A.B. asks: 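To start, I am sharing the structure in question, which I have written as structure tokens.
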Amino acid sequence: MDKKQYLLDYRYLRMARIWAENSYCKRRQVGALVVKDKMIISDGYNGTPSGFENVCEDDNNITKPYVLHAEANAITKLARSGNNSEGSTLYVTASPCIECAKLIIQAGIKRLVYAEKYRLTDGIDLLERANIEVIHIDFEEKPK
């Protein structure tokens with residue numbers, strides 16, 4: 001990847017990290033941006049569905065089963081907006097799970113840039129199998 005593209009990816013990923021701060025989840029805050037032609041066409045963060053209380057964990061600090069992942073929020077928001085994600089890039093602060101990977105494939109997203117590696121790799125494995133470009137950028141490594 002050329003330096004110019006790397007810097008652009010790093011900047012959008014930083015924006016996704018800032019967007020994650022909107023999440024009410026205590027265990028982990030995740031943010032996502034969908035970018036097409038250098039324009040942010042959707043955004044999302046993990047949280048409860050519209051109309052639900054903004055509490056992601058139960059009394060035992062377990063994530064409630066109906067909490068939406070940041071990627072799912074960004075992609076479903078796209079469906080309501082009328083924007084087209086075909087050929088876009090998804091920036092997300094944590095690597096996607098397999099369920100979100102399926103949504104990414106079906107949404108026509110062609111690139112994924114993520115920061116934090118999740119313990120399960122099945123989402124990344126599925127995206128690579130679908131020939132989606134997957135890029136990991138570690139926030140600890142500052143761009144030069």
Side-chain angles (χ1 to χ4, degrees), residues 1-2 5-141 143:
M1 178 186 345
D2 67 8
Q5 182 62 54
Y6 176 83
L7 290 173
L8 193 61
D9 286 343
Y10 186 85
R11 286 184 195 116
Y12 280 123
L13 202 51
R14 277 186 20 222
M15 286 188 241
R17 186 167 61 174
I18 291 167
W19 198 244
E21 294 173 13
N22 289 315
S23 173
Y24 289 91
C25 297
K26 294 176 183 170
R27 291 181 63 218
R28 173 183 295 212
Q29 293 180 311
V30 180
L33 297 176
V34 181
V35 176
K36 185 175 181 178
D37 300 324
K38 296 185 180 178
M39 289 184 355
I40 297 169
I41 60 171
S42 190
D43 54 62
Y45 49 87
N46 57 327
T48 56
S50 299
F52 282 62
E53 75 290 348
N54 287 323
V55 179
C56 297
E57 295 86 11
D58 63 20
D59 293 337
N60 297 318
N61 203 32
I62 304 292
T63 301
K64 293 178 180 178
Y66 52 84
V67 168
L68 290 158
H69 290 185
E71 308 93 298
N73 264 329
I75 291 168
T76 55
K77 193 181 216 182
L78 265 170
R80 295 177 81 179
S81 74
N83 279 322
N84 181 337
S85 56
E86 188 69 39
S88 63
T89 299
L90 174 67
Y91 296 89
V92 64
T93 57
S95 60
C97 69
I98 195 158
E99 293 302 319
C100 287
K102 292 180 209 176
L103 292 174
I104 292 164
I105 293 165
Q106 290 301 97
I109 294 167
K110 294 301 177 200
R111 291 179 77 238
L112 170 84
V113 180
Y114 72 98
E116 182 184 330
K117 288 184 179 181
Y118 188 60
R119 61 183 168 80
L120 301 176
T121 63
D122 51 356
I124 294 294
D125 297 342
L126 184 64
L127 292 173
E128 289 174 342
R129 182 175 171 196
N131 294 317
I132 291 174
E133 183 181 2
V134 176
I135 299 159
H136 175 244
I137 294 178
D138 188 345
F139 276 127
E140 302 304 315
E141 299 172 16

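No experiment lies behind these values; they were computed from the predicted model shown.
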A.B. asks: Minimum heavy-atom separation for G31 and A20, please, with both atom names.
C.D. replies: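 Reported closest heavy-atom pair: N-CB, 3.3 Å.
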A.B. asks: For side chain to side chain contact (heavy atoms under 4.5 Å, CB included), just list the numbers for T76 and L103, CA-CA rounded to whole Å, side-chain angles, deciding distance to a tenth of an Å, and then say yes or no.
C.D. replies: CA-CA 9 Å; T76 55; L103 292 174; 5.6 Å; no
A.B. asks: Hey, could you give me the CD1/CD1 distance between I132 and I109, rounded to the nearest 0.5 Å?
C.D. replies: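 The CD1 atom of I132 sits 7.5 Å away from the CD1 atom of I109.
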A.B. asks: Is the closest side-chain heavy-atom distance between V55 and T48 below 4.5 Å?
C.D. replies: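 A side-chain contact under 4.5 Å is absent here.
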A.B. asks: Is there a donor-acceptor contact under 3.5 Å from the side chain of S42 to the main chain of A74?
C.D. replies: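 Yes; judged by distance alone, with no hydrogens or angles, the pair exists.
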A.B. asks: For N61, look at atom CG and say whether over 12 heavy atoms of other residues, nucleotides or ligands are found less than 6.0 Å away.
C.D. replies: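 Correct, the count exceeds 12.
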A.B. asks: Using atom types as modelled and distance alone, determine if a side-chain donor or acceptor of N46 lies under 3.5 Å from a backbone N or O of V67.
C.D. replies: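 Between the backbone of V67 and the side chain of N46 there is no qualifying donor-acceptor contact (under 3.5 Å).
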A.B. asks: Would the distance check show the side chain of H136 and the main-chain N or O of A115 forming a donor-acceptor pair, the cut-off being under 3.5 Å?
C.D. replies: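 Yes; at least one donor-acceptor contact below 3.5 Å.
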A.B. asks: Supply the atom-to-atom distance E99 CD to E71 CD, rounded to the nearest 0.5 angstrom.
C.D. replies: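 Those atoms lie 11.5 Å apart.
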A.B. asks: In sequence, state the C-alpha distance, the side-chain angles, and the governing distance for R129 and D125, and then conclude on side chain to side chain contact (heavy atoms under 4.5 Å, CB included).
C.D. replies: CA-CA 6 Å; R129 182 175 171 196; D125 297 342; over 6 Å; no
A.B. asks: How many angstroms lie between atom CG of L90 and atom CG of L13, to the nearest 0.5 angstrom?
C.D. replies: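 L90 CG to L13 CG: 10.0 Å, rounded to 0.5 Å.
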A.B. asks: Test side chain to side chain contact (heavy atoms under 4.5 Å, CB included) on M15 and I40 and set out the steps.
C.D. replies: CA-CA 10 Å; M15 286 188 241; I40 297 169; 4.0 Å; yes
A.B. asks: Are there over 12 heavy-atom neighbours, none belonging to Q106, within less than 6.0 Å of that residue's CD?
C.D. replies: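 Counting other residues, nucleotides and ligands, CD of Q106 stays at 12 neighbours or fewer.
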A.B. asks: Specify the closest pair of heavy atoms between C56 and Y24, including all atoms of both residues, with the distance to one decimal.
C.D. replies: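 So the minimum-distance heavy-atom pair works out to SG-C, 4.1 Å.
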A.B. asks: Counting neighbours of NZ on K64 that are heavy atoms of other residues, nucleotides or ligands and sit closer than 6.0 Å, is the number greater than 12?
C.D. replies: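 Correct, the count exceeds 12.
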A.B. asks: Would you say the side-chain atoms of K36 pair up with the backbone N or O of E86, donor to acceptor, closer than 3.5 Å?
C.D. replies: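 Side chain of K36 to backbone of E86, a donor-acceptor pair under 3.5 Å: yes, one is there.
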A.B. asks: Atom CG in L33, atom OG in S88: separation rounded to 0.5 Å?
C.D. replies: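 Between L33 CG and S88 OG, I get 11.5 Å after rounding to 0.5 Å.
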A.B. asks: Please step through side-chain hydrogen bond (donor to acceptor under 3.5 Å, both in side chains) for the pair Y91 and D9, ending with a clear verdict.
C.D. replies: CA-CA 8 Å; Y91 296 89; D9 286 343; 2.6 Å; yes
A.B. asks: Give, for atom OG1 of T121 and atom CG of L127, the distance between the pair rounded to the nearest 0.5 Å.
C.D. replies: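 These two atoms lie 11.0 Å from each other.
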A.B. asks: How close do A107 and S85 get, heavy atom to heavy atom, and via which atoms?
C.D. replies: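 For A107 and S85, the tightest heavy-atom pair comes out as O-OG, 2.5 Å.
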A.B. asks: Grab the two heavy atoms, one from G47 and one from N73, that are nearest each other, plus how far apart they are.
C.D. replies: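 For G47 versus N73, the nearest heavy atoms are N-ND2, 4.1 Å.
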A.B. asks: Side chain to side chain contact (heavy atoms under 4.5 Å, CB included) for I135 and R111? Distances and angles first, verdict last.
C.D. replies: CA-CA 8 Å; I135 299 159; R111 291 179 77 238; 2.9 Å; yes
A.B. asks: Check whether E57 reaches the backbone of K26 with its side chain - one donor and one acceptor, N or O, closer than 3.5 Å.
C.D. replies: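 Here the side-chain-to-backbone pair exists.
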A.B. asks: Closer than 3.5 angstrom, by distance alone: can the side chain of Y12 be matched with the main-chain N or O of K38 as a donor-acceptor pair?
C.D. replies: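 The answer is yes, because a donor-acceptor pair under 3.5 Å joins these two groups.
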A.B. asks: Against T93, only a single residue in R14, R17, E116 fulfils side-chain contact (heavy atoms from CB on, under 4.5 Å); can you say which?
C.D. replies: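 Going through the options one by one, the only one that passes is R17.
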A.B. asks: Donor-acceptor pair, distance only, cut-off 3.5 Å: does the side chain of N83 make one with the backbone of L78?
C.D. replies: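 No, N83 side chain to L78 backbone: no donor-acceptor pair under 3.5 Å.
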A.B. asks: Answer yes or no: is there a side-chain heavy-atom contact under 4.5 Å between Y118 and C97?
C.D. replies: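 Heavy-atom side-chain distance check fails, nothing below 4.5 Å.
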A.B. asks: Mind checking whether V134 and Y114 have side chains closer than 4.5 Å, heavy atoms only?
C.D. replies: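 Yes; the side chains approach each other to less than 4.5 Å.
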A.B. asks: Can you check whether L126 reaches K102 side chain to side chain, under 4.5 Å on heavy atoms?
C.D. replies: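 Yes, close enough: below the 4.5 Å cut-off.
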A.B. asks: Ignoring hydrogens and geometry, is there a side-chain-to-backbone donor-acceptor pair from D58 to N60 under 3.5 Å?
C.D. replies: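 It does hold such a pair.
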A.B. asks: Got a second to check how far I104's CD1 is from L112's CG, nearest 0.5 Å?
C.D. replies: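 The distance works out to 5.5 Å.
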